[in-house]
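Structure first, then comments.
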Amino acid sequence: EVQLVESGGGLVQAGGSLNLSCAASGFTNDDYIIGWFRQAPGKEREGVACIVVSVTDGKVLYKDSVKGRFTISSDNAKNTVYLQMNSLKPEDTAVYYCAADIHTVIRHFIPDAYDYWGQGTQVTVSI
């Protein structure tokens, strides 16, 4: 069974940085995608970054509003995907989730298409 465990959330002032981790286990296929999503109170879940986890491919995709501030990366040896978040803004406040779609290597932000989800980690950015 695939398991995803997020960590690294917390409280940070605007302009600060956080590095989220998504530790993955239980995959039986070599290639899949991992997405980072977030959900703020009263808002829909939205994708912010996605990466192809593969020996031969590491293409990424970002939501426009986080381009240049967030960086997604994968350490395949550690089965961990990271989301480095810099220049954080109050509007980045949300619960952040990582998710896995094991049926494709096409990057996307369609929540219902992802097969597995972590429990989420809270990110709060204060003014």
Side-chain angles (χ1 to χ4, degrees):
E1 180 73 12
V2 172
Q3 289 191 330
L4 303 172
V5 179
E6 302 99 334
S7 61
L11 173 64
V12 64
Q13 287 188 329
S17 299
L18 285 173
N19 189 23
L20 305 184
S21 299
C22 174
S25 62
F27 287 99
T28 57
N29 51 320
D30 293 331
D31 303 328
Y32 48 90
I33 62 172
I34 294 287
W36 280 100
F37 290 78
R38 66 186 181 188
Q39 188 165 22
K43 294 188 177 181
E44 292 187 352
R45 190 169 297 191
E46 62 176 5
V48 296
C50 176
I51 189 168
V52 177
V53 179
S54 168
V55 173
T56 58
D57 188 356
K59 292 186 178 68
V60 299
L61 176 68
Y62 294 102
K63 175 181 173 63
D64 285 346
S65 64
V66 307
K67 285 180 181 178
R69 300 189 298 123
F70 290 11
T71 303
I72 188 171
S73 62
S74 175
D75 185 335
N76 294 348
K78 295 183 178 180
N79 293 322
T80 301
V81 172
Y82 303 96
L83 184 67
Q84 176 66 43
M85 306 186 296
N86 299 326
S87 302
L88 283 162
K89 304 175 181 180
E91 52 263 43
D92 295 317
T93 295
V95 178
Y96 282 70
Y97 301 88
C98 65
D101 184 343
I102 64 172
H103 296 105
T104 186
V105 290
I106 307 298
R107 295 155 287 158
H108 68 87
F109 289 141
I110 305 170
D112 288 347
Y114 281 78
D115 306 288
Y116 301 98
W117 291 81
Q119 81 288 353
T121 185
Q122 176 70 47
V123 171
T124 303
V125 184
S126 64
I127 297 173

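This chain uses plain numbering: 1 for the first residue, then up along the sequence.
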[Y] side chain reached by [X] side chain, heavy atoms, under 4.5 Å:
{"X": "K63", "Y": "E46", "value": "yes"}
{"X": "C50", "Y": "F109", "value": "yes"}
{"X": "W36", "Y": "I72", "value": "yes"}
{"X": "K59", "Y": "R107", "value": "yes"}
{"X": "K89", "Y": "R69", "value": "yes"}
{"X": "L83", "Y": "V48", "value": "yes"}
{"X": "L20", "Y": "M85", "value": "yes"}
{"X": "Y82", "Y": "I51", "value": "no"}

Start with the C-alpha gap between Y62 and V60, add the side-chain angles, then the distance that decides, and say whether side chain to side chain contact (heavy atoms under 4.5 Å, CB included) holds.
-> CA-CA 7 Å; Y62 294 102; V60 299; 3.6 Å; yes

State yes or no: are the ring centers of H103 and Y32 separated by less than 6.0 Å?
->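 When the ring centroids of H103 and Y32 are compared, they turn out to be at least 6.0 Å apart.
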
Which heavy atom of [X] sits nearest to which heavy atom of [Y], and what is that distance?
{"X": "D92", "Y": "Y96", "value": "O-OH, 2.6 Å"}
{"X": "I33", "Y": "I106", "value": "CD1-O, 3.5 Å"}
{"X": "C98", "Y": "I34", "value": "CB-CG2, 4.4 Å"}
{"X": "H108", "Y": "A113", "value": "CE1-CB, 3.5 Å"}
{"X": "P90", "Y": "I127", "value": "CG-CG1, 3.9 Å"}
{"X": "D31", "Y": "S54", "value": "OD1-OG, 3.0 Å"}

How far does [atom1] of [X] sit from [atom2] of [Y], to the nearest 0.5 angstrom?
{"X": "T124", "Y": "L18", "atom1": "OG1", "atom2": "CG", "answer": "9.5 Å"}
{"X": "L61", "Y": "K67", "atom1": "CG", "atom2": "NZ", "answer": "7.5 Å"}
{"X": "C22", "Y": "E6", "atom1": "SG", "atom2": "CD", "answer": "5.5 Å"}

Count I, L, V, M, F, W, Y as connected when their side-chain heavy atoms are under 4.5 Å apart, and connections chain through other members. Are [X] and [Y] then in the same cluster?
{"X": "Y114", "Y": "V95", "result": "yes"}
{"X": "F70", "Y": "V12", "result": "yes"}
{"X": "V81", "Y": "V66", "result": "yes"}
{"X": "V53", "Y": "F27", "result": "yes"}
{"X": "V125", "Y": "Y97", "result": "no"}

Looking just at side-chain N and O atoms, do D75 and T80 make a donor-acceptor pair shorter than 3.5 Å?
->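 Checked: D75/T80 side chains show no N/O donor-acceptor pair below 3.5 Å.
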
Pair E91-T93, side-chain donor/acceptor within less than 3.5 Å = no

Could you tell me how the ring of W117 sits relative to the ring of F37: parallel (under 30°), tilted (30 to 60°) or perpendicular (over 60°)?
->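 Taking F37 first and then W117, their aromatic rings sit tilted (interplane angle of 30° to 60°).
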
May I have the step-by-step check of side chain to side chain contact (heavy atoms under 4.5 Å, CB included) for Q3 and Y116, ending in yes or no?
-> CA-CA 7 Å; Q3 289 191 330; Y116 301 98; over 6 Å; no

